[in-house]
Amino acid sequence: MASKNKRFADDGWAVWVNGDDISTVYINDWLNPNGKSYVDFAVRIRGIKDSKALHVYVPFSVTKEEILDTSLCFKDEGVLRATFSTAGIIDYKKNECTSEIAYNGRTIDLVHISCLDYELTPLASGTLMSINLEELQKYLANDEAYFLWRMPHKSLDKIFEPHIDMGGLLTRVRDLITSPVVSEKYGYSIRINEARLLPSEINRIGAFHRQKLKKAVISISVDESYSVNDSNCYRIRRVEKELYQDYVPDGFNCDDAITYQWNQNRDTDMQGRFNFYFDIARDYISKMSMLLYMIILMIVGIAGGFLWDFIKVVLFGLNW
């Protein structure tokens with residue numbers, strides 16, 4: 001079996017809020033090994049009335065043009081139901097900056113970041129996103145709020161990009177002939193607020209080290225033709241196509257896609273190390289191998305015909 005080298009990405013994200021808060025981070029990766037991948041990022045801030053700013057470090061470059069405000073999709077209550085896995089009610093665009101959602105007996109503000117003048121600061125190895133919460137206070141009706149957006153997940157695009165086989169043409173042809181089955185293996189690690197993976201610009205910020213992040217929930221959505229290491233997964237469900245039909249990223253086919261979810265909080269890890277790892281594997285028949293087999297068969301067939309004609313003429317001297 002031909003095997004591609006295992007590609008691995010180890011990303012460090014950072015989230016902190018200036019204020020007295022207990023926050024939750026949600027990351028959902030839309031994995032598309034055959035195209036562009038995306039990440040949905042969400043932060044739920046509890047105690048937002050006493051918070052001054054939200055900061056998120058993204059471990060790759062991103063621009064405002066690439067950020068999509070997914071909170072605007074919640075006007076569709078099907079998307080709301082699929083995202084929160086429960087029925088809910090939304091007061092859409094309650095004011096110019098927020099909507100209000102009610103579910104599971106509580107009411108929460110939904111902040112539309114596209115209406116805010118947030119800042120993106122390029123760093124040596126990523127981007128710092130800063131949202132001023134003081135200017136937002138006059139629009140908030142509750143002491144709990146969600147911030148949601150989507151952006152291209154460039155780290156995953158990088159590990160999924162095709163690599164040139166440096167083993168040489170003959171080695172490549174040998175692999176294609178000996179086995180039409182190709183095995184792909186990818187690894188990806190998400191580490192939230194782990195200092196060793198963050199740039200020095202973040203580690204020098206004192207407020208970052210005083211953050212009170214309580215919980216992180218990681219989800220991945222991937223086509224079931226890929227197998228995923230789900231040993232640490234506590235819930236698996238299919239992507240609800242009828243609910244997500246106007247929500248999934250461009251180029252992502254949600255037919256037969258499965259969402260895996262992990263959960264980690266300070267109740268089980270008092271040091272708050274939010275580390276998530278998953279690997280993805282797929283075995284498939286190489287179209288190039290099948291094409292090469294067909295070409296070889298044609299060449300052998302044609303050569304065999306010429307050889308048989310030659311043998312008849314030379315050895316038997318017959319006029320067939």
Side-chain angles (χ1 to χ4, degrees), residues 1-13 27-41 58-62 66 125 150-191 197 218-239 241 244 248-262 275-297:
M1 178 184 294
S3 178
K4 293 186 177 181
N5 291 331
K6 184 172 182 179
R7 303 170 201 163
F8 180 78
D10 193 8
D11 275 351
W13 299 71
I27 298 177
N28 181 53
D29 279 318
W30 297 93
L31 271 69
N32 189 356
N34 298 316
K36 182 177 288 187
S37 295
Y38 291 86
V39 56
D40 288 353
F41 204 95
V58 180
F60 46 80
S61 62
V62 64
E66 294 174 308
S125 57
R150 174 178 296 162
M151 52 194 164
H153 199 151
K154 297 179 181 179
S155 296
L156 290 184
D157 286 342
K158 185 175 181 180
I159 69 167
F160 291 145
E161 69 183 4
H163 287 219
I164 298 175
D165 187 357
M166 300 303 292
L169 179 61
L170 292 178
T171 301
R172 178 62 177 155
V173 172
R174 181 200 64 193
D175 290 341
L176 290 173
I177 295 175
T178 55
S179 175
V181 180
V182 178
S183 177
E184 294 179 339
K185 293 183 179 180
Y186 306 100
Y188 181 59
S189 179
I190 300 172
R191 303 173 188 267
L197 286 180
I218 307 297
S219 302
I220 64 170
S221 299
V222 63
D223 188 281
E224 67 174 5
S225 61
Y226 290 83
S227 60
V228 178
N229 176 14
D230 56 3
S231 59
N232 295 321
C233 176
Y234 84 93
R235 184 172 65 184
I236 302 175
R237 62 185 175 91
R238 290 195 176 276
V239 173
K241 182 178 180 180
Y244 273 126
V248 296
D250 293 337
F252 187 91
N253 182 10
C254 61
D255 290 336
D256 300 321
I258 298 179
T259 292
Y260 298 82
Q261 193 170 76
W262 286 257
N275 303 334
F276 302 83
Y277 172 80
F278 55 85
D279 51 44
I280 311 155
R282 183 180 73 153
D283 296 336
Y284 65 96
I285 302 297
S286 170
K287 295 180 180 178
M288 184 61 70
S289 288
M290 300 309 295
L291 177 61
L292 186 58
Y293 280 133
M294 292 177 63
I295 293 174
I296 291 175
L297 287 175

Engineer: Report the residues that fulfil salt bridge (charged side-chain N to carboxylate O under 4.0 Å, His left out) with Asp250, sequence neighbours left out, ordered by chain and then residue number.
Structural biologist: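 Asp250 satisfies salt bridge (charged side-chain N to carboxylate O under 4.0 Å, His left out) with no other residue.
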Engineer: Please identify each residue that fulfils ring pair (Phe, Tyr, Trp, His ring centres under 6.0 Å) with Tyr188, with sequence neighbours left out.
Structural biologist: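 Applying ring pair (Phe, Tyr, Trp, His ring centres under 6.0 Å) to Tyr188 gives His153, Phe278.
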Engineer: Between Pro249 and Tyr38, which heavy-atom pair has the shortest distance, and what is it?
Structural biologist: CB-CD1, 3.3 Å
Engineer: Listing request: all side-chain hydrogen bond (donor to acceptor under 3.5 Å, both in side chains) pairs with a residue in residues 253-262, at least two apart in sequence or in separate chains.
Structural biologist: Ser219-Gln261, Ser221-Thr259, Tyr234-Gln261, Arg235-Gln261, Lys241-Asp255
Engineer: So, taking the atom named CZ in Phe60 and the one named CG in Asp157, what distance separates them when rounded to the nearest 0.5 Å?
Structural biologist: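 Phe60 CZ to Asp157 CG: 9.0 Å, rounded to 0.5 Å.
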Engineer: If you take all heavy atoms of Gly12 and Leu197, which pair is closest and at what distance?
Structural biologist: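 Scanning both residues completely, I find the closest heavy atoms to be CA-CB, 4.0 Å.
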Engineer: Residues in ring pair (Phe, Tyr, Trp, His ring centres under 6.0 Å) with Phe41, at least two apart?
Structural biologist: Trp13, Trp149
Engineer: Report, as yes or no, whether the 6.0 Å neighbourhood of atom NZ on Lys154 holds more than 12 heavy atoms from other residues, nucleotides or ligands.
Structural biologist: yes
Engineer: With Arg150, which residues qualify under salt bridge (charged side-chain N to carboxylate O under 4.0 Å, His left out), at least two apart?
Structural biologist: Asp40
Engineer: With respect to Leu31, which candidate in Val228, Val222, Val39, Asp223 satisfies the side-chain contact (heavy atoms from CB on, under 4.5 Å) definition?
Structural biologist: Val222
Engineer: One thing to verify: whether Asp10 and Arg191 come together as a salt bridge, which I'm taking to mean a side-chain N less than 4.0 angstrom from a carboxylate O.
Structural biologist: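 A salt bridge is present here (some side-chain N lies under 4.0 Å from a carboxylate O).
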Engineer: Nearest 0.5 Å please: distance from the CD atom of Glu66 over to the CE atom of Met151.
Structural biologist: 10.0 Å
Engineer: Whether the side chain of Ser37 engages the backbone of Asn32 through a donor-acceptor N/O pair (distance < 3.5 Å, no angle test) should be reported.
Structural biologist: yes
Engineer: Would you give the length of the straight line joining atom CG of Asn275 to atom CD1 of Ile218, rounded to the nearest 0.5 angstrom?
Structural biologist: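 Separation between the atoms: 10.0 Å.
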Engineer: Calculate, to the nearest 0.5 Å, the distance between atoms CD1 and CG belonging to Ile190 and Asp29 respectively.
Structural biologist: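 If we round to the nearest 0.5 Å, Ile190:CD1 and Asp29:CG are 5.0 Å apart.
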Engineer: Listed by chain and number, what are the salt bridge (charged side-chain N to carboxylate O under 4.0 Å, His left out) partners of Asp279, not counting sequence neighbours?
Structural biologist: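 Per chain and number, Asp279 pairs via salt bridge (charged side-chain N to carboxylate O under 4.0 Å, His left out) with no residue.
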